[in-house]
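Worksheet: one structure, shown below.
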Amino acid sequence: MIEITSPVRVRFAPSPTGYLHIGGVRTALFNWLFARHYGGQFILRIEDTDEKRFIPGAADDIITSLRWVGLDWDEGPDVGGPYGPYVQSQRFDSGIYTTYSDQLLEAGQAYLSFTTEEELAAMRAEAEARGVKAFRFRGPERDWPLAQQRELAATGKPYTIRLKTPLEGQTSFTDLVRGAERITVQNDQLQDIVLIKTSGMPVYHFAHLVDDHLMRITHVLRADEWVPSTPYHVLLYQAFGWEPPVFAHLPVILRQDGKGKLSKRKDDVATNRFWERGYLPEALFNYLALQGWSYDDKTELMSRAELIERFSIDRVQASPARWNPEKLRDMNGIYIRRLPVAEVAERILPFLAGAGLVGDPPSAAERAYVAALTPMIHERLEELGQAPELLEFFFREPRPGPEGYDPATLVPRKLDAPQTAAMLRAVHDALAALEPWEPAALEATLRDLCERLALKPGQLFGAVRVAVSGRTVAPPLFDMLVALGRERVLARLTAAIAALEAG
RNA sequence: GGCCCCAUCGUCUAGCGGCCUAGGACGCCACCCUCUCAAGGUGGAGAUCGCGGGUUCGAAUCCCGCUGGGGUCACCA
């Protein structure tokens, strides 16, 4: 069985090349749960060694997103820590990567490579043309004495530093997710990867490893897509003579159709899109914990504390999970329903403000009104962002006619327009003087009216619903009438009657 | 294509040799509740455990092969 020796130190190391997508959050979450479960440390590190794809502001966005889902870190760019800095470009400035690449050079584990990208591309193309199955690049300089490499470099010829991978033998490592089984690769399948670019910047394979070592990372929990490059990392640890961390490769999250992994471009999975649409961080947190991990055969709803207590790496699935927005949505609905109504009312406010239904910030009167409306839609919400749509008619007049609702929807089954108009007139008259204006009284009055007119409640209630809300689907009628107030109700009934008589 | 990983209802999963005529959840379909829609309740359809060989008294569970899916092959992470 898998034994985890504490204290553990894990990290999440995103690259600021864009917004954080949901798969990244899942990886961060698993690392966080792992650290919290074992009472270890969770570290955030920004890997910004890709000058070409760097996007200003992305790092802040990532941090905001992680905080939003409820993660916190013991060390990181914004909180500091004993092994800082926690931003790779800053670490680069201090020269640490050069120090370590020199060490490798001296040890003959790496070499200066003068082959340019273009030359390499040409070699690959040529090899392919010749029908070579797998082109493995090994630079000629790997056999040169270091002095000779340095001599050429001194002439100003640009170079990269490449790892000198062994030509024979095999490299293997264990993976916790696969039950600590070994994954083995033949060394002749590898090639001499770039460690330091021509610009002098380290590449991920090199930088992350030096940092992980210096930051005393004990376990590397990262997405499955890193498996193929792990042998290089193992080789690198060996070259340095360092103890490698324990690896655990988490299953990738596949797209809904199962065709490939989630893509920022094709899928709506930016983390900030979830708060924009009204997902509760606790719901997303819970759902994401279940993407590739499970507790038992029936428990799905778990609090943060329960998740921390129950999380274990050996219950992480090895096969890919598929993104299931429907399930997330359902779970979000459950979490919304569990919230106190007053809380929902507060959380809905920004969405209503965004739709222009209330002021931004909302006035005290608006807040009170929203608080009164919320019970009507509380259990109907699966996303907080649905609130404006559901509540719109409380703030704006529904108009029968071309720019509003179709007056035909006012007419119930088995009745025609004139009959409906007459019925609504009767309703109008009955409500005009009704006291008190309360749900029970309203219901009693309208039910009584149904009986007198020999109509089914469904017929009458349905017409009133449309007249008052402009739609056939709405919250319970009597609560709605009360919240709308007598004046607006009577006015809307009058407008509906007019529309029926005109049409 | 090379290499690596994976394989239970449409989807997420439980299952780690007998408890499985395979359990739960989402979705779907009925019915109940009911003024519409939800929520809630009850029930249902849905997986010969990818296929074929073994091992074993006994396999979804172990082994091998095949097939399928995914990942990866950058001076990106």
Side-chain angles (χ1 to χ4, degrees), chain A residues 13-17 47-53 113 115-117 120-121 124 128 131-136 158-162 175 177-179 183-186 189-191 193-199 201-205 207-208 222-231 249 251-252 254 256 258-261 287 290-301 314-315 317-331 333-334 337 377-382 390 443 446-447 450 456-466 469 471-478 480:
Chain A
S15 171
T17 53
E47 311 231 322
D48 56 348
T49 54
D50 184 350
E51 313 100 306
K52 293 190 189 113
R53 294 198 308 161
S113 171
T115 305
T116 65
E117 273 186 278
L120 188 50
R124 262 193 250 281
E128 198 179 326
V132 174
K133 277 178 276 175
F135 176 74
R136 314 276 181 228
Y159 62 88
T160 59
I161 298 178
R162 288 180 184 272
D175 188 301
V177 172
R178 275 148 269 266
I183 293 175
T184 302
V185 173
Q186 300 303 317
Q189 296 298 324
L190 305 175
Q191 49 185 338
I193 55 162
V194 168
L195 265 21
I196 304 288
K197 308 179 208 177
T198 304
S199 65
M201 269 292 209
V203 145
Y204 170 85
H205 300 298
H208 95 276
R222 73 216 321 184
D224 219 356
E225 65 217 35
W226 292 104
V227 171
S229 51
T230 305
H249 290 95
V252 291
L254 262 26
Q256 244 187 116
K259 300 233 176 288
K261 51 179 188 173
Y287 173 77
L290 262 15
Q291 286 281 293
W293 176 82
S294 64
Y295 176 59
D296 61 11
D297 60 339
K298 45 182 71 76
T299 315
E300 291 196 327
L301 296 172
D314 49 67
R315 291 195 65 88
Q317 198 81 4
S319 54
R322 205 181 286 206
W323 180 240
N324 186 352
E326 309 244 289
K327 176 114 179 174
L328 203 211
R329 203 179 151 83
D330 175 71
M331 194 170 270
I334 293 171
R337 270 173 257 131
I377 60 163
H378 188 180
E379 66 188 17
R380 274 159 254 260
L381 285 174
E382 281 191 308
L390 291 174
E443 179 161 9
L446 293 186
R447 283 197 187 278
C450 288
K456 291 211 164 106
Q459 294 176 297
L460 187 136
F461 294 172
V464 176
R465 165 174 296 106
V466 174
S469 70
R471 47 184 81 175
T472 54
V473 173
L477 186 61
F478 310 109
M480 225 161 71

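Throughout, protein chains are lettered first and strands after them, A, B, ... in sequence-line order, and every chain is numbered starting at 1. All values below come from the heavy atoms of this structure, side chains included, with hydrogens, waters and symmetry mates left out.
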(request) Give a yes/no on whether any side-chain N or O of A/Q317 is located under 4.0 angstrom from OP1 or OP2 of B/A14. (result) yes
(request) Please list, chain by chain and in numerical order, all residues satisfying side chain to side chain donor-acceptor pair (under 3.5 Å) with A/R465, sequence neighbours excluded. (result) none
(request) May I ask you to say what A/P251 touches in the nucleic acid, namely base, sugar-phosphate or nothing, with a heavy-atom cut-off under 4.0 Å? (result) nothing
(message) Both A/W323 and A/R465 contact RNA chain B. Which one's nearest nucleotide lies toward the 5' end?
(response) A/W323
(request) Return no unless some side-chain N or O of A/R447 is found under 4.0 Å from OP1 or OP2 of B/C35. (result) yes
(message) Using the C1' atom as the point on both nucleotides, what is the distance between B/C26 and B/A74, in whole Å?
(response) 40 Å
(request) Measure the spacing between CZ of A/R447 and CD of A/E443 and express it to the nearest 0.5 Å. (result) 4.5 Å
(request) For residues 317-329 of chain A, pull every pair meeting salt bridge (Lys or Arg N to Asp or Glu O under 4.0 Å), keeping only residues two or more places apart or in separate chains. (result) A/E300-A/K327, A/R329-A/E382, A/R329-A/E383
(request) Tell me, please, which residues at least two apart from A/D296 pass side chain to side chain donor-acceptor pair (under 3.5 Å). (result) A/T299
(message) Run the salt bridge (charged side-chain N to carboxylate O under 4.0 Å, His left out) test against A/R124 and tell me which residues pass, sequence neighbours left out.
(response) none
(request) Identify, with sequence neighbours excluded, every residue that meets salt bridge (charged side-chain N to carboxylate O under 4.0 Å, His left out) alongside A/R315. (result) none
(request) Using the P atoms only, state how far B/G52 lies from B/A39, rounded to an integer number of Å. (result) 42 Å
(message) Can you check the distance between B/U56 and B/G18, where both ends of the measurement are the C1' atom (answer in whole Å)?
(response) 12 Å
(request) Measure the distance from NE2 on A/H205 to P on B/A77 and round it to the nearest whole Å. (result) 8 Å
Dump every N/O contact between nucleotides 39-46 of chain B and the protein below 3.5 Å, one line per pair.
| residue | atom | partner | partner atom | Å |
| --- | --- | --- | --- | --- |
| B/A39 | O3' | A/R337 | NH1 | 3.2 |
| B/G40 | OP1 | A/R337 | NH1 | 3.3 |

(message) Please classify the nucleic acid contact of A/R315 as base, sugar-phosphate, or nothing, using heavy-atom distances under 4.0 Å.
(response) sugar-phosphate
(message) Let's test this: given Watson-Crick or G-U wobble pairing with both distances under 3.5 Å, identify the partner of B/C62.
(response) B/G54
(request) Remember a base hit wins even if backbone is also touched, and classify A/G333 as base, sugar-phosphate or nothing at under 4.0 Å, heavy atoms. (result) nothing
Provide a list of protein-nucleic acid N or O atom pairs under 3.5 angstrom, restricted to nucleotides 20-23 of chain B.
| residue | atom | partner | partner atom | Å |
| --- | --- | --- | --- | --- |
| B/G23 | N2 | A/D297 | O | 3.1 |

(request) Name the nucleic acid region contacted by A/P231, choosing base, sugar-phosphate or nothing; use a 4.0 angstrom heavy-atom cut-off, strictly under. (result) nothing
(request) Indicate, with a heavy-atom threshold strictly under 4.0 Å, whether A/I183 touches base, sugar-phosphate, or nothing. (result) sugar-phosphate
(message) Tell me whether the rings of A/W293 and A/Y295 are parallel (<30°), tilted (30 to 60°) or perpendicular (>60°).
(response) tilted
Might you list the N or O atoms of the protein lying below 3.5 Å from N or O atoms in nucleotides 69-76 of chain B, with each pair's distance?
| residue | atom | partner | partner atom | Å |
| --- | --- | --- | --- | --- |
| B/G71 | OP1 | A/K261 | N | 2.9 |
| B/U72 | OP1 | A/K261 | NZ | 2.6 |
| B/C75 | O2 | A/T198 | N | 2.8 |
| B/C75 | O2 | A/T198 | OG1 | 2.8 |
| B/C75 | N3 | A/T198 | OG1 | 2.4 |
| B/C75 | N4 | A/T115 | O | 3.4 |
| B/C75 | N4 | A/E117 | N | 3.3 |
| B/C76 | OP2 | A/K197 | NZ | 3.2 |
| B/C76 | O2' | A/D50 | OD2 | 2.2 |
| B/C76 | O2' | A/R53 | NE | 3.4 |
| B/C76 | O2' | A/R53 | NH2 | 3.1 |
| B/C76 | O2 | A/R53 | NH1 | 3.4 |
| B/C76 | O2 | A/R53 | NH2 | 2.9 |

(message) From CD of A/E300 over to P of B/G27, roughly how many Å is that when rounded to an integer?
(response) 11 Å
(request) Indicate the atoms forming the closest heavy-atom contact of A/R136 with A/A134, along with that distance. (result) NH2-CB, 3.1 Å
(request) Report the residues that fulfil salt bridge (charged side-chain N to carboxylate O under 4.0 Å, His left out) with A/R380, sequence neighbours left out, ordered by chain and then residue number. (result) none
(message) Once rounded to the nearest 0.5 Å, what's the spacing between atom NE2 of A/H378 and atom CZ of A/R337?
(response) 8.5 Å
(request) Write down the distance between CZ (A/F461) and C1' (B/C35), rounded to a whole number of angstrom. (result) 5 Å
(request) Taking atom C1' in both B/C6 and B/G50, compute the distance separating them and give it to the nearest angstrom. (result) 12 Å
(request) Pick the P atom in B/A25 and in B/G41, then give their distance to the nearest Å. (result) 10 Å
(request) Whole angstrom is fine here: how far is it from NE2 in A/H378 over to C1' in B/C37? (result) 16 Å
(request) Can you measure from CD (A/E117) to OG1 (A/T198) and round to the nearest 0.5 angstrom? (result) 7.0 Å
(request) To the nearest 0.5 Å, tell me how far A/N324 CG sits from A/Q291 CD. (result) 7.5 Å
Return the polar atom pairs (N/O with N/O) between nucleotides 59-65 of chain B and the protein under 3.5 Å, or none.
none

(request) For A/A474, answer base if it contacts any base atom (sugar-phosphate contacts may also be present), sugar-phosphate if it contacts only those atoms, and nothing otherwise; contact means non-hydrogen atoms under 4.0 Å. (result) base
(message) Using side chain to side chain contact (heavy atoms under 4.5 Å, CB included), reason through A/Y159 and A/I196 one step at a time and then give a plain yes or no.
(response) CA-CA 9 Å; A/Y159 62 88; A/I196 304 288; over 6 Å; no
(request) Just call it for A/R178: base, sugar-phosphate, or nothing, with non-hydrogen atoms closer than 4.0 Å on any strand. (result) sugar-phosphate
(request) State the pairing partner of B/A25; accept Watson-Crick or G-U wobble contacts with both distances under 3.5 Å, and report none otherwise. (result) B/U11
(request) Please state how far atom CD in A/E326 lies from atom P in B/U11, giving the value in whole angstrom units. (result) 14 Å
(message) So, taking the atom named NZ in A/K261 and the one named CG in A/L254, what distance separates them when rounded to the nearest 0.5 Å?
(response) 10.5 Å
(request) Report the base-pairing partner of B/G1 (Watson-Crick or G-U wobble, both distances below 3.5 angstrom), or none. (result) B/C73
(message) Taking only the C1' atom of each, what is the distance from B/U13 to B/A7 in whole angstrom?
(response) 14 Å
(request) Could you check how far CD of A/Q189 sits from P of B/C5, rounded to whole Å? (result) 12 Å
(request) For B/U8 versus B/C49, give the span between their C1' atoms, rounded off to a whole number of Å. (result) 4 Å
(message) So, using salt bridge (charged side-chain N to carboxylate O under 4.0 Å, His left out) as the criterion, who are the partners of A/D224 when residues are at least two apart?
(response) A/R178
(message) Measure CD/A/Q186 against P/B/G2 and give the value in whole Å, please.
(response) 16 Å
(message) Test of understanding: with side chain to side chain contact (heavy atoms under 4.5 Å, CB included), list the residues that count as partners of A/D48, not counting sequence neighbours.
(response) A/P16, A/I46, A/F54, A/V87, A/Q88, A/S89
(request) Among the candidates B/C3, B/C12, B/C35, find the nucleotide nearest to the side-chain atoms of A/K327. (result) B/C12
(message) Any strand counts, and the cut-off is 3.5 Å on both contacts for Watson-Crick or G-U wobble. Which nucleotide pairs with B/G40?
(response) B/C32
